[in-house]
Amino acid sequence: IKIQTLIFCLLDRTKNCIPVMHEQIQSPQYPQPYPPNLHKKWDLWVPKGYQIQLSLTHLDIYASTDCSQDSLTVLYDLKVLGKFCGQENSTDHQGKNPILSPSNTLTLIFQTSDSTAEVQQHTGFSATFKAIDIDECSKTDAREDSGLLCSQICINTPGSYHCSCHSGYKLHLDQRTCLCKCEIRGNTGVFVCIFILVIL
């Protein structure tokens, strides 16, 4: 069995691996029939703050029970998100809907049996993947009792987010909590907090 691992990224001038935002993946020799005895692995990686959306645009893999022979397996952190074989117009093909990774990595494994090339005429698969921005503001923080990333206003940005406050409040050093602004009233030296009622 031939084993090959590919990592999708771009190399900068210092040879560092920079994640890509979109790419196409195809089985070996596609659109010609794929060879036997393969075990090929793709490690997909996009920037932090993004998810990977994988779409199968073509599928023609020898069908077997539970895809136990030839198959394309999609994993996230060793968890199987999908295992595919058959053809795109058959009931064996369950990959018509895009697969969305929980985070910024995804692994594909294409494995074929020892069938002879003369008998095997299946063309394999073609797929595309792209980076999808995670809307952090729609999520909660399990570390906090409130579950909120920001105590007042959460602003989603590409690959990240930041917090903001209503008028009369200022952002705490934790960059998440909004505190009431305080000011010194006259010459009394007394701090007075101004509370602003905000109607959402």
S.K.: Look up atom NZ in Lys130 and atom CD1 in Ile52, then write down how far apart they are to the nearest 0.5 Å.
M.R.: 13.0 Å
S.K.: Answer whether the closest heavy-atom distance between the side chains of Leu81 and Leu54 falls below 4.5 Å.
M.R.: no
S.K.: Got a second to check how far Gln51's CD is from Ile134's CD1, nearest 0.5 Å?
M.R.: 4.5 Å
S.K.: Do Leu149 and Tyr161 have side-chain heavy atoms sitting under 4.5 Å apart?
M.R.: yes
S.K.: Atom OH of residue position Tyr50 - does it have more than 12 heavy atoms of other residues, nucleotides or ligands inside 6.0 Å?
M.R.: yes
S.K.: Can you see which heavy atom on Ile61 is nearest to which on Leu59, and at what distance?
M.R.: CD1-CD1, 3.5 Å
S.K.: Thr157: which residues meet the side-chain hydrogen bond (donor to acceptor under 3.5 Å, both in side chains) condition with it, sequence neighbours left out?
M.R.: none
S.K.: Applying side chain to side chain donor-acceptor pair (under 3.5 Å) between Thr123 and each of Gln29, Gln87, His58, Gln32, report the one that passes.
M.R.: His58
S.K.: Output, in order, the C-alpha distance, side-chain angles, deciding distance and verdict of disulfide (SG to SG under 2.5 Å) for Cys137 and Cys150.
M.R.: CA-CA 8 Å; Cys137 294; Cys150 302; 5.8 Å; no
S.K.: Determine whether Leu171 and Ile155 fall in the same hydrophobic cluster, where Ile, Leu, Val, Met, Phe, Trp and Tyr are linked whenever their side-chain heavy atoms lie under 4.5 Å apart.
M.R.: no
S.K.: Once rounded to the nearest 0.5 Å, what's the spacing between atom CD of Gln111 and atom SG of Cys85?
M.R.: 12.5 Å
S.K.: Looking only at heavy atoms, which two atoms of Asp60 and Gln121 are closest? And how far apart?
M.R.: OD2-O, 4.4 Å
S.K.: Going from CG on Asp77 to OG on Ser101, what distance comes out if it is rounded to the nearest 0.5 angstrom?
M.R.: 11.0 Å
S.K.: Any donor-acceptor pair under 3.5 Å linking the side chain of Thr112 with the backbone of Pro35?
M.R.: yes
S.K.: Looking at Asp135, I want to see if its CG is surrounded by more than 12 non-hydrogen atoms of other residues, nucleotides or ligands under 6.0 Å.
M.R.: yes
S.K.: Working to the nearest 0.5 Å, report the span between CG of Asp174 and OG of Ser151.
M.R.: 8.0 Å
S.K.: Could you list the residues that satisfy side-chain hydrogen bond (donor to acceptor under 3.5 Å, both in side chains) with His162, not counting sequence neighbours?
M.R.: none
S.K.: Nearest 0.5 Å please: distance from the OG atom of Ser164 over to the CZ atom of Arg176.
M.R.: 15.0 Å
S.K.: Just by distance, do the side chain of Gln152 and the backbone of His166 share a donor-acceptor pair under 3.5 Å?
M.R.: yes
S.K.: Does Trp42 share a hydrophobic cluster with Tyr76, counting links as ILVMFWY side-chain heavy atoms below 4.5 Å and allowing steps through other members?
M.R.: yes
S.K.: Side chains of Gln24 and Ser126: closer than 4.5 Å at any heavy-atom pair?
M.R.: yes
S.K.: Do Phe110 and Phe125 make the cut of ring centroids closer than 6.0 angstrom?
M.R.: yes
S.K.: Answer yes if the side chains of Asp70 and Ser113 hold a donor-acceptor pair under 3.5 Å, and no otherwise.
M.R.: yes
S.K.: With side chains defined as the heavy atoms from C-beta onward, is the minimum distance between Phe129 and Val46 less than 4.5 Å?
M.R.: yes
S.K.: Mind checking whether Leu72 and Leu108 have side chains closer than 4.5 Å, heavy atoms only?
M.R.: yes
S.K.: Report yes if the SG atoms of Cys163 and Cys178 are separated by under 2.5 Å, and no otherwise.
M.R.: no
